[in-house]
Amino acid sequence: QVQLVESGGGSVQAGGSLRLSCSASGRTISSYTMGWFRQAPGREREFVAAIRKSDGHTSYADFVKGRFTISRDNAKNTLYLQMNSLKPEDTAIYYCAARVGLRLPTVDNEYNYWGQGTKVTVSS
C-alpha cells in the first residue's frame with residue numbers, strides 16, 4: 001500500500017505558476033498510474049491530469065491543457081504538477097491519487113489511494 005503526501009500549494013496571483021509535489025512512501029510510484037484531481041469550494045472533485053505507469057503516457061482535462069504538466073520522478077518517488085498561467089478558477093484543493101492498472105480514468109472512484117490535499121489559491 002502506498003501513502004501519498006502533497007505539498008507545494010499556496011497563494012499566487014493570476015498568471016503565476018506553482019509546482020505541486022506528491023511524495024510517496026510504502027511502495028514505489030512506478031507501480032501505479034498516478035493522477036491529480038481538484039476540488040473547489042461547493043463543487044465536486046474533478047479530474048486534472050494523469051500519467052500511466054507503463055509508458056508515461058499522459059491525459060489532461062481540457063481546461064488545463066497547455067497550462068499544466070504532470071510528470072513523475074521514479075527515483076525520487078515523487079509525482080509533480082507544474083501549473084502555469086494560473087487563473088482564479090484554478091483555486092481548489094489539489095489531490096494526488098494512485099491506482100493499480102494501466103488505464104487513465106478521469107473519475108475519482110477508479111483510484112485506490114489518495115493524499116490529504118494541498119490548497120491552491122489564485123487571486124485576480
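Here, residue 1 is the first one in the sequence, and each next residue gets the next number. This is a predicted model, so every value here is computed, not measured. In what follows, every heavy atom counts, from backbone to side chain, and hydrogens, waters and symmetry copies are set aside.
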**Request:** Please indicate whether E44 has more than 12 foreign heavy atoms, meaning atoms of other residues, nucleotides or ligands, lying under 6.0 Å from its CD.
**Result:** no
**Asked** Taking side chain as C-beta onward, heavy atoms only, is Y32 less than 4.5 Å from V100?
**Response** yes
**Request:** Would you indicate whether the side-chain heavy atoms of Y95 and Q39 approach each other to under 4.5 Å?
**Result:** yes
N/O donor-acceptor pairs under 3.5 Å from side chains in residues 58-66, not counting sequence neighbours:
unit_1 : atom_1 : unit_2 : atom_2 : d
Y60    : OH     : I70    : N      : 2.9
D62    : OD1    : K65    : NZ     : 3.2

**Asked** Would a distance-only check, ignoring hydrogens and angles, find a side-chain to backbone donor-acceptor pair under 3.5 Å from Y111 to P105?
**Response** yes
**Asked** Which atoms form the tightest heavy-atom contact between A24 and I29, and what is the distance?
**Response** CB-CG2, 3.2 Å
**Message:** Determine whether a donor-acceptor pair (N or O, by modelled atom type, separation under 3.5 Å) exists between the side chain of W36 and the backbone of Y80.
**Reply:** yes
**Request:** Begin from the C-alpha positions of R67 and M83 and carry the test side-chain contact (heavy atoms from CB on, under 4.5 Å) through to its verdict.
**Result:** CA-CA 6 Å; R67 300 190 298 126; M83 306 187 296; over 6 Å; no
**Asked** Do N84 and S17 have side-chain N/O donor and acceptor atoms under 3.5 Å apart?
**Response** yes
**Expected output: side-chain R99 to main-chain E110 donor-acceptor under 3.5 Å** = yes
**Request:** Please list all pairs passing the disulfide (SG to SG under 2.5 Å) test where one or both residues lie in residues 34-68, with sequence neighbours left out.
**Result:** none
**Request:** Please step through side-chain contact (heavy atoms from CB on, under 4.5 Å) for the pair Q1 and R27, ending with a clear verdict.
**Result:** CA-CA 6 Å; Q1 177 166 325; R27 292 198 65 179; 5.7 Å; no
**Request:** Kindly check if the number of other-residue, nucleotide or ligand heavy atoms within 6.0 Å of CD (Q13) is above 12?
**Result:** no
**Prompt:** Looking at side-chain heavy atoms only, is the closest gap between V120 and R38 below 4.5 Å?
**Reply:** no
**Message:** Before you tell me yes or no, could you show the steps for F37 and V107 under side-chain contact (heavy atoms from CB on, under 4.5 Å), namely the whole-Å CA-CA distance, both residues' side-chain angles and the distance that decides it to 0.1 Å?
**Reply:** CA-CA 9 Å; F37 286 75; V107 291; 5.9 Å; no
**Request:** Taking all non-hydrogen atoms of both residues into account, name the closest pair between G56 and I51 and its distance.
**Result:** O-CG1, 3.6 Å
